[in-house]
Amino acid sequence: MAYAAATQDTIHDDIDIDALRQKYMEERAKRLNPKGNSQYIEVKGDFSRYIDDPYADAPLVRDAVDETVEALVIGGGFGGLLAAAELHKIGVTDIRIVEKAGDFGGTWYWNRYPGAQCDIESYIYMPLLEETGYIPTEKYAYAAELFAHARRIGEHYDLYPRALFQTQIVEIRWDDAAARWVATTDRGDTIRARWVLSASGPLNRPKLPGIPGIEDFKGHTFHTSRWDYAYTGGNSLGGMTGLADKRVAIIGTGATAIQCVPPTARDAAHLYVVQRTPSTVDVRGNRPTDPEWVKGLKPGWQRERMDNFNVLVSGMRAPVDLVRDGWTALHHDLLTSWMPEDPTSVSPLELMRRAELADFRKGHKVRSRIDEIVTNKDAAEGLKPWYGMLCKRPTFHDTYLQTFNQPNVTLIDTQGGGLDRITENGIVFDGVEYPVDCIIFATGFETGTDYSRRAAMAIHGRDGKLMSDHFADGMRTFHGFFTDGFPNLFLLGSAQNGFKPNVTDMLAEQAEHLAGLIAAARAEGKTRIEATSEAVDDWMKTIREKSQRARMFLAACTPGYFGGHGDIEQGLLINTYGDGSIAFTALLQAWRAAGDYAGLKIY
Ligand code: NDP
């Protein structure tokens, strides 16, 4: 084919474009599961023990609270902390934060698995660094430092006295006469609040694989987001002496497994890594923070760095790459390097051709790196990803691949199909049973699954309408934040919003925007902010229209949570603003500048 002939020599002599296309589609087909998201087991009923809190010091004993506050923040992770900080900045300090964990931290309260680390550079991932006067110790900080920073923010804004930990909201109900939400909790609290900001996060609910026999296993099991150090010994920094005589299976090879496999392999007698789809694993290059660099930082540096990163990973050009890491290099190679200054100077078909070529080229580099590092040829072949580089969250690690050179580590490459089953004693693949003492599920979270699977509380809006009914056919919002019939309730997160890979940057922008709205309403003595049904309908039309590109992209992708595990319409990417975060930010700026709050009733 002329196309292949034209491209072959420009990529690499031994890369055949047609063969690669076919290989990618074959690998995708192996992984398509008609069950989509419903292949996963929810952590409820017999499985609810998987979400017990192994970290809380002691069961909470306290008197129930009955109070009226200005604002209720749901969730004490970085999203909730940013919301509270922004409220603080506009003078709203009469707030209550409700968090089911035993402390602030969210993801970093729960995810203390060994090797846990932010996968976005700390200097831009850890929010409010300038405000709190903290500089991370490393380019990619480990979990304990991230958790400590969440607590630091809590201290800095005096949020501890305002937090109810180990507490879950059971219901929030809109009281129209009082223009307030009334929240009740599992500790018997009643909290009345004018404004509710919900930041319960996309990664707050683990999910389990629907492997036959999962309930039969008689050994020890847990999910990575509840790492059981009482069983393994040690802590997130190492020393898991309890595993010295244990055969362990880690199921899953996503961003979490990439980080926890090396320390587990170091400490366990034997480790089986059960892989359905390999991650793309490129160079991490972590290093200690350079004090000289710190000395040169000028006020405003963190926002500048965050924005610069976001521009580059959005495929746009910037005069300088401040972060200079695997993320920016990847996006440069995939999105920018081949793009002419004037994209209209070449045909759309030519742009697509160049994009595909760049992706194949990068994939080839990632696969070649595996051959350079992994000495066992079978394992090396198994670890090679055969899909577009952005189909799953890309990963970066400097010791993951090397782990497969250890004699006590076995890759069980299920080639997309997963295990046959789990038995009382172990795991079975291809008819062979592998006895194990412990199974660790690194199988991710309820991200992009049905709202009903994730909703931990009942939300009753105007006239008692349940949000789960309101969202029965899918989420429907205006700008991702507001929905009609649910006044003064603001949702933070990526859904129907401008998604950024640096999630804390996205949350910071959202918190600032929402606090600005609340400040504007308060300044005019208004007590209600509510989206009109027309604005919600229009926004849903926009989301649908702009998701066409994501739909085309995902149709060629290996399944994952970006694409609803094959059920694309349920995918995370379909449900974001398709023009991307830079366009979304511009849209919000223009919307604010217009000054009429079009789409909202503020009264
Ligand atoms: P993911 O959803 O990314 O990965 C789940 C893994 O479980 C996949 O490898 C999946 O395979 C595998 N799996 C699912 N079902 C089965 C099965 N039946 N048999 C075998 N394997 C199975 O979850 P993670 O926890 O790894 O990561 C979730 C997200 O958390 C990341 O994408 C990232 O956004 C975030 N994260 C962030 C970090 C940070 O530092 N900021 C660090 C770690 C995670 P398959 O691919 O075939 O579906």
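Counting starts at 1 for both ligands and their atoms, following the listed order. Keep in mind that what you see is a predicted model, and the values were worked out from it rather than measured. Positions are given from 1 along the sequence.
Close approach of ligand 1 to Gln117 is summarised as follows: ligand atoms under 4.0 Å from at least one heavy atom of the residue are 39 (C), 40 (O), 42 (C). Close approach to Lys392 involves these atoms of ligand 1, each under 4.0 Å from a residue heavy atom: 45 (P), 46 (O), 48 (O). Every atom of ligand 1 is numbered from 1 in the order shown, and the set under 4.0 Å from a heavy atom of Pro209 is 15 (N), 16 (C), 17 (C), 18 (N).
Distances shorter than 4.0 angstrom occur between a heavy atom of Tyr40 and an atom of ligand 1. Within the 4.0 Å heavy-atom cutoff, Cys118 counts among the residues contacting ligand 1.
We find that Lys246 and Asp267 are not joined by a salt bridge, their nearest charged nitrogen and carboxylate oxygen being 4.0 Å or further apart. Ion pair Asp119/Arg284 not flagged as a salt bridge, since none of the NZ, NE, NH1 or NH2 atoms sits closer than 4.0 Å to an Asp/Glu carboxylate oxygen. A salt bridge is defined here as a Lys NZ or Arg NE, NH1 or NH2 lying under 4.0 Å from an Asp or Glu carboxylate O, and Glu121 with Lys139 meets this definition. Glu130 has no carboxylate O lying under 4.0 Å from a charged side-chain N of Arg303, or vice versa, which leaves the two without a salt bridge. Taking the charged nitrogens against the carboxylate oxygens, Glu26 and Lys30 have no contact shorter than 4.0 Å, which rules out a salt bridge. Salt bridge absent: Asp371 and Arg367 never bring a charged side-chain N and a carboxylate O closer than 4.0 Å. Using a cut-off of 4.0 Å between Lys/Arg side-chain N and Asp/Glu carboxylate O, Lys377 and Glu381 are scored as not salt-bridged.
Of the protein's heavy atoms, Thr277 OG1, 2.6 Å lies nearest to atom 47 (O) of ligand 1. Shortest contact from atom 13 (N) of ligand 1 to any protein heavy atom: Thr443 CG2, 3.9 Å. Nearest protein neighbour of atom 6 (C) of ligand 1, counting heavy atoms only, is Ala442 O, 3.4 Å. Of all protein heavy atoms, the one lying nearest to atom 4 (O) of ligand 1 is Gly254 CA, 3.7 Å. Considering only non-hydrogen protein atoms, atom 41 (N) of ligand 1 sits nearest to Asp119 OD1, 3.0 Å. The protein heavy-atom contact nearest to atom 1 (P) of ligand 1 is Gly444 CA, 4.2 Å. Closest to atom 9 (O) of ligand 1, if we only count protein heavy atoms, is Thr253 N, 2.9 Å. Of all protein heavy atoms, the one closest to atom 24 (P) of ligand 1 is Thr256 OG1, 3.3 Å.
Residue Arg31 does not touch ligand 1, judged by heavy-atom distances below 4.0 Å. With a heavy-atom cut-off of 4.0 Å, Ile251 touches ligand 1 through its side chain alone. Proximity of Trp108 to ligand 1, defined as any heavy-atom pair under 4.0 Å, is confined to the side chain (atoms from C-beta onward). The proximity of Ile211 to ligand 1, defined as any non-hydrogen pair under 4.0 Å, is limited to the side chain. With a 4.0 Å heavy-atom cut-off, ligand 1 is reached by the side chain of Gln259 but not by its N, CA, C or O.
Considering backbone and side-chain atoms together, Leu419 places no N or O closer than 3.5 Å to any N or O of ligand 1.
Heavy-atom proximity to atom 16 (C) of ligand 1, evaluated over Arg276, Lys30, His223, is greatest for Arg276. With distances taken over non-hydrogen atoms, the option nearest atom 33 (C) of ligand 1 out of Arg393, His565, Glu446 is Arg393. Relative to atom 43 (C) of ligand 1, the option among Tyr561, Tyr113, Tyr125 with the closest non-hydrogen atom is Tyr113.
Arg551 forms no cation-pi arrangement with Phe553, by the criterion of a distance under 6.0 Å to the ring centre and an angle within 45° of the ring axis. Note that Arg112 lies in the cation-pi zone of Tyr55, set by a 6.0 Å cut-off to the ring centre and a 45° limit from the axis.
Between Phe147 and Tyr109, the ring planes are perpendicular. Angles over 60° get that label, and only those under 30° would be called parallel. Relative orientation of the Phe499 and Phe562 rings is perpendicular, given thresholds of 30° and 60° on the angle between their planes. Using cut-offs of 30° and 60° on the angle between ring planes, the pair His223 and Phe445 is perpendicular.
Atom CG of Asp290 has more than 12 heavy atoms from other residues, nucleotides or ligands within 6.0 Å.
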